[in-house]
Novice: 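Structure in structure tokens, see below.
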There are 2 protein chains.
Amino acid sequence: MKEKKEDRRISRTRRLMHEALMALIVEKGYEAITVQDILDRADVGRSTFYAHYRDKDELLLSSFEHLRTLFEEQQQAILESRRTGKAPAVNLILELFRHIGEHHKLYKAIAGKQSGEMIVKYLHRYLYNLLIEPLTALIKNRKSFSVPIEITTHYLVSSLLSLMTWWLDNNMPYSAEKMDEIFRVLTTPCIEAAFGRKVEKKGAESLSGEPDGSVKAFYSHFIDIDCCPDK
Amino acid sequence: MKEKKEDRRISRTRRLMHEALMALIVEKGYEAITVQDILDRADVGRSTFYAHYRDKDELLLSSFEHLRTLFEEQQQAILESRRTGKAPAVNLILELFRHIGEHHKLYKAIAGKQSGEMIVKYLHRYLYNLLIEPLTALIKNRKSFSVPIEITTHYLVSSLLSLMTWWLDNNMPYSAEKMDEIFRVLTTPCIEAAFGRKVEKKGAESLSGEPDGSVKAFYSHFIDIDCCPDK
DNA sequence: TATTTTATCGAACACAATGTTCCATAACGA
DNA sequence: TCGTTATGGAACATTGTGTTCGATAAAATA
């Protein structure tokens, strides 16, 4: 399972090209960038670029996957420390907002208005696969669901992404915690509406009274989701 | 205010180019189309194309705006007949799904790829401006709102668009009426959650009991929205 | 109908960007 | 040190874009 040592030149070239791409996206937007721009900025030869990536898109995708790996490793570490120590429960959505906030310059370049739809679609698939399983498990405790599970999941992911892009495009006027709360407020009652009520009745407090009760109950389903179960 | 008579040749050329673009989008997708393709299909000269449109995008946008005009005229007619006659209330969301369903071939081609991104952004702005006013009016009857109005509107529009693209991408497995209902089920409780409760209490039935009661009450705010108030 | 106006055609053109090929060279790992 | 290989750089074919211009055909107008 050990990674082979990579030739210094390869990692150096890749790093230079990634850095060049990110800087250029911030400067002039992804669409306006030409391969030549990247070559000039990174100071690498034309043939070298095509030896590594088929085109501009593949370079961007590769940059993004690096971020994803970073996030997954962080989450794995947190989950690990939760199992052994006494760390608090992991809130995947909050961690996502935090992660994006930490790398907001890159994400703004990657997922904001300036970049293509490509990455957002990638993220959509990623989050969809992340949520479809726990959500499917969730409906098993429900009496009835009026909206098909695929639509609800698609809907939830789109909602999350729309909040994320809004957050980035508007220069993050709220904290990650606040955005997490907003997401919770906006989506939790939808899950309730889409999936029906719980089979086991826990009392009236989850159906009426302060909304916090039911909100928390529903939101707890987003807690401790393993973001990379295949590892 | 009368429109000047347009040279027959102009309208003919434009019509040919629009038809060619639409046919080509259905065939091979917008991204893959070159200006030359359009010229060949429409059988017009290269210089003629650039005499009318700056580029491919402008032609697509012009085509799309034709669809929008069609929709708005339909809606105006319906609203008119509602004022004079005894037509039922107008449901904007439902009408939107119907309109898209009617032109699903075009919308599906348009909403899938990167070109779709341009149109989807256009649609987003359009719907945002359509909804921001009635939603702002709505919160005036509310005691408190925990989520800023801009976020909620952005969220709602994204939700609607995500349902629309899902519908198209999955070959419209449900009727427009069903999609309208799904949208209602998914979003109505969110508005409630985001905007807080009504100032005037209408009784307990809006807070507990069958969800249909409050859902209907909230959803009624989407009824009879004039989609083109500037006319 | 005769005249004027103008939209179109078609070819040629400059230009920008892509992606490939080849080979000498420099940097790398062992 | 030595074999390996990533890189540099230039040349090249290719594709698509957007412009120009004069001849022509088709429209509007008188």
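Please read all numbers here as calculations on a predicted model, not as lab measurements. Letters go in sequence order (proteins before strands), and every chain restarts at 1.
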Novice: Going by ring-ring contact (aromatic ring centres under 6.0 Å, His included), name the residues that satisfy it together with Y50(B), two or more places apart in sequence or in a different chain.
Specialist: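 Once residues adjacent in sequence are excluded, Y50(B) has no partner under the ring-ring contact (aromatic ring centres under 6.0 Å, His included) criterion.
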
Novice: Can you give me the first and the last nucleotide of DNA chain C (5' to 3') that has an atom within less than 4.0 angstrom of a non-hydrogen atom in chain A?
Specialist: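 Listing 5' to 3', DNA chain C meets chain A from dA17(C) to dA30(C).
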
Novice: Does L161(A) have any side-chain contact (heavy atoms from CB on, under 4.5 Å) partners at least two apart in sequence or in another chain, and if so, which?
Specialist: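 Only V120(A), L123(A), H124(A), L127(A), V157(A), M164(A) meet the side-chain contact (heavy atoms from CB on, under 4.5 Å) criterion with L161(A).
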
Novice: Is any NZ, NE, NH1 or NH2 atom of the basic residue among K28(A) and D37(A) found under 4.0 Å from an Asp or Glu carboxylate oxygen of the other?
Specialist: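 Salt bridge between K28(A) and D37(A), a charged N being under 4.0 Å from a carboxylate O: yes.
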
Novice: Base, sugar-phosphate alone, or nothing: which one does S47(A) contact when heavy atoms must sit under 4.0 Å apart?
Specialist: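 Since a base atom lies under 4.0 Å of S47(A), the category is base.
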
Novice: Excluding sequence neighbours, so at least two apart, what forms side-chain contact (heavy atoms from CB on, under 4.5 Å) with K178(B)?
Specialist: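 Expected list: Y174(B), S175(B), E181(B), I182(B).
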
Novice: Kindly calculate the angle separating the two end axes of the helix from dT1(C)-dA30(D) to dA30(C)-dT1(D), each obtained from five base pairs, and round it to 10 degrees.
Specialist: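 End-to-end axis angle: 40°.
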
Novice: Residues in salt bridge (charged side-chain N to carboxylate O under 4.0 Å, His left out) with R15(B), at least two apart?
Specialist: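 With neighbours one apart ignored, the set is E19(B).
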
Novice: Who passes side-chain contact (heavy atoms from CB on, under 4.5 Å) against N170(B), sequence neighbours left out?
Specialist: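 With neighbours one apart ignored, the set is W166(B), P173(B).
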
Novice: Enumerate the residues from residues 15-23 of chain A whose closest heavy atom to DNA chain C is under 4.0 Å, giving them by residue number; use none for an empty result.
Specialist: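 The stretch gives none, as no residue of it lies under 4.0 Å from the strand.
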
Novice: List the residues meeting ring-ring contact (aromatic ring centres under 6.0 Å, His included) with F49(A), not counting sequence neighbours, and say none if there are none.
Specialist: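 Per chain and number, F49(A) pairs via ring-ring contact (aromatic ring centres under 6.0 Å, His included) with no residue.
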
Novice: Could you go through nucleotides 25-30 of chain D and list every protein N or O atom that sits under 3.5 Å from one of its N or O atoms, giving the distance for each pair?
Specialist:
residue : atom : partner : partner atom : Å
dA26(D) : N3   : R9(B)   : NH1          : 3.2

Novice: Going by number, which of residues 37-46 of chain A have a non-hydrogen atom under 4.0 Å from DNA chain D?
Specialist: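 Going residue by residue through residues 37-46 of chain A, the ones with a heavy atom under 4.0 Å of DNA chain D turn out to be D43(A), V44(A), G45(A).
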
Novice: Report the residues that fulfil side-chain contact (heavy atoms from CB on, under 4.5 Å) with A20(B), sequence neighbours left out, ordered by chain and then residue number.
Specialist: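 With sequence neighbours excluded, A20(B) shows a side-chain contact (heavy atoms from CB on, under 4.5 Å) to I38(B), R41(B), A42(B), given in chain and number order.
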
